[in-house]
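Below is one structure; the comments refer to it alone.
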Amino acid sequence: MTWQNLDDLAFFGAEPAWAVPLPVGQVYLPAWERFEAAFGGIFQRRYFANHGPLVRELDTRLAEHLGVRHAISVTNATVALMVASKALDLQGKVIVPAFTFPATVQAMTWAGLTPVFCDVDPVTHTLNSRLVEPLLDDDTSAVLGVHLWGRACDPDGLGALCASRNISLFFDAAHAIGCTHRGKPIGGLGRLEVFSFHATKILNGAEGGCLTTNDDELANRIRTVRNFHVSESFVPVPLRINGKMSEAQAAMALLGLDTLHENIARNRGLHEIYLQRASAWKGLRLVVPAEEENSNHQYCVLEVEDDCTLQRDLLFQLLRTENVHARRYFQPGIHRIPPYGSLAFPCAHLPVTDALCGSLLQLPLGAMITDHDVERICDLIDFCLWHGEAIAIRAQRGGAE
Ligand SMILES: *Cc1c(COP(=O)(O)O)cnc(C)c1O
């Protein structure tokens, strides 16, 4: 079906254009036979946890893939961030963006640190040294940058700033596996980096994550913090946890690594269709990855500009009702959700973050999306933009004609 008049929109009562929701998350899966074979091995060995052969293989392959000395797998990226804070022996305050997934900040709070929110750059959507510098004081022990949408978070500027203040710099790279900075894979920046293998990310370990570093001593600290058990102690650390990845997770992640390039290429193809079609859109702009770098195209980010005939939330509803499950990452900003948006954490003044929270939409990409889906999503957006004013007026009247 194509959209010819307003009554064709699911928002105004028509059948949704897609019977099954199109997600933003990637959900790439390995071929069933390969998964079955990998699991057969786990059952045969009866070895399920505690750094089994698959976890060790994954660590080796990740380190190669990311061009780092150490990759250390853990249960998920949230735990990885908690492990990071103890391995780095952080105390007091850590500078974080509020424009990120909640886990970035929640992990710091679980680690007993005080997150200090910093606004982001309106173009890159990440922290930079100019924004961070005024927030540093004697209680600050680290800066946690996020490579949002896979774009490196000012590693040069922040690196110089943190070195001059003698504080730690580390990165949440949950968006960035397969992305580069100055042509080199993200993974070796700052003191350490943290990746996520959640099913919604482009490398799917059915939950999972890792920490990467080029620092041997720090790697030993990470390995010690990751395992609560005293029998595996490499160096003294302040506190430990169970962050061990299971063999089941490693089996998934290894199979995912085999097809990572393929999946990235597939996403790039989908992204290119969006890009071509977006050139005709007024008031909507695709946020494009840094041109000189490789992107994993984990996200297709749309910015709804002030002069668009449709407001962001109305466009979101129009897509949503057709079963195009676009997402509003990240709304609200983390500085506005509990416990951070309370008296104990006076809500920081973050005008750029607030503006981005109100204007961005992520469009479907990944395993469940075909070229044809993207063309049709773009047809839908074309139609909605063309009839923006009429849609807005009818929506305000409450839908029914
Ligand atoms: C997904 C994500 C996380 C959390 O990863 P998990 O592996 O699910 O714990 C953290 N930070 C960012 C930026 C993310 O996108």
Side-chain angles (χ1 to χ4, degrees), residues 23 25-45 47-84 101 103 107 147 150 171-179 185-188 192-213 219 222-223 226-227 241-267 296-299 365-368:
Q26 302 296 306
V27 277
Y28 279 104
L29 293 174
W32 171 252
E33 303 74 47
R34 304 191 63 210
F35 180 70
E36 207 176 20
F39 260 65
I42 297 174
F43 273 54
Q44 236 166 30
R45 289 187 292 275
Y47 198 115
F48 230 83
N50 293 13
H51 329 307
L54 297 181
V55 170
R56 278 179 278 137
E57 186 187 340
L58 179 63
D59 284 357
T60 306
R61 284 196 45 204
L62 283 169
E64 270 169 25
H65 193 94
L66 298 169
V68 285
R69 287 179 60 80
H70 305 275
I72 301 156
S73 297
V74 289
T75 333
N76 58 54
T78 308
V79 164
L81 289 164
M82 292 160 69
V83 169
F101 192 68
H147 303 311
F171 292 105
D172 178 338
H175 292 186
I177 195 151
C179 300
I186 284 179
L192 66 80
E193 306 208 53
V194 162
F195 292 89
S196 171
F197 311 144
H198 188 263
T200 53
K201 311 296 202 283
I202 192 144
L203 177 58
N204 177 9
E207 294 275 352
C210 76
L211 299 97
T212 54
T213 182
I222 293 167
R223 289 195 177 94
R226 164 183 67 168
N227 188 356
I241 194 168
N242 180 5
K244 291 170 289 156
M245 176 182 263
S246 78
E247 287 289 278
Q249 291 174 288
M252 275 289 282
L254 278 166
L255 293 171
L257 258 187
D258 289 343
T259 54
L260 183 61
H261 281 302
E262 228 171 274
N263 297 345
I264 289 175
R266 203 173 163 281
N267 271 14
N296 59 11
H297 300 282
Q298 191 170 283
Y299 297 97
L365 274 181
M368 291 170 69

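As the structure is a computational prediction, the values presented were derived from the model and not from experiment.
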| field | Flag, side chain of Asn227 to backbone of Asn242, donor-acceptor distance under 3.5 Å | value | no

| field | His65: partners by side chain to side chain contact (heavy atoms under 4.5 Å, CB included), with sequence neighbours left out | value | Leu257, Leu260, His261

| task | May I ask you to decide if the ring planes of Tyr299 and His175 are parallel, tilted or perpendicular, using 30° and 60° as cut-offs? | result | tilted

| Is the Lys NZ or Arg CZ of Lys201 less than 6.0 Å from the centre of Phe101's six-membered ring, within 45° of the axis? | yes

| request: Please confirm whether the backbone N or O of Thr75 pairs with a side-chain atom of Glu207, one donor and one acceptor, at under 3.5 Å? | output: no

| Is the backbone N or O of Gln249 less than 3.5 Å from a side-chain atom of Ser246, with the two atoms forming a donor-acceptor pair by type? | yes

| Arg69, CZ: over 12 other non-hydrogen atoms inside 6.0 angstrom | no

| query | Which residue pairs satisfy the salt bridge (Lys or Arg N to Asp or Glu O under 4.0 Å) criterion with at least one member in residues 31-44, sequence neighbours excluded? | reply | Arg34-Asp258

| request: Using the side chain to side chain contact (heavy atoms under 4.5 Å, CB included) rule, pick out the option among Leu203, Asn204, Asn76 that qualifies with Phe197. | output: Leu203

| said: Applying side-chain hydrogen bond (donor to acceptor under 3.5 Å, both in side chains) to Tyr28 and Asn267, what does each step give before you reach the verdict? | reply: CA-CA 11 Å; Tyr28 279 104; Asn267 271 14; 2.8 Å; yes

| said: Looking at Gly187, is its backbone amide N or carbonyl O close enough to the side chain of Glu193 to form a donor-acceptor pair, meaning the two atoms are under 3.5 Å apart? | reply: yes

| request: Would you check if there is a donor-acceptor pair between the side chains of His198 and Thr200 at a distance under 3.5 Å? | output: yes

| Can you check whether Gly52's main-chain N or O pairs, donor with acceptor, with Asn50's side chain at less than 3.5 Å? | no

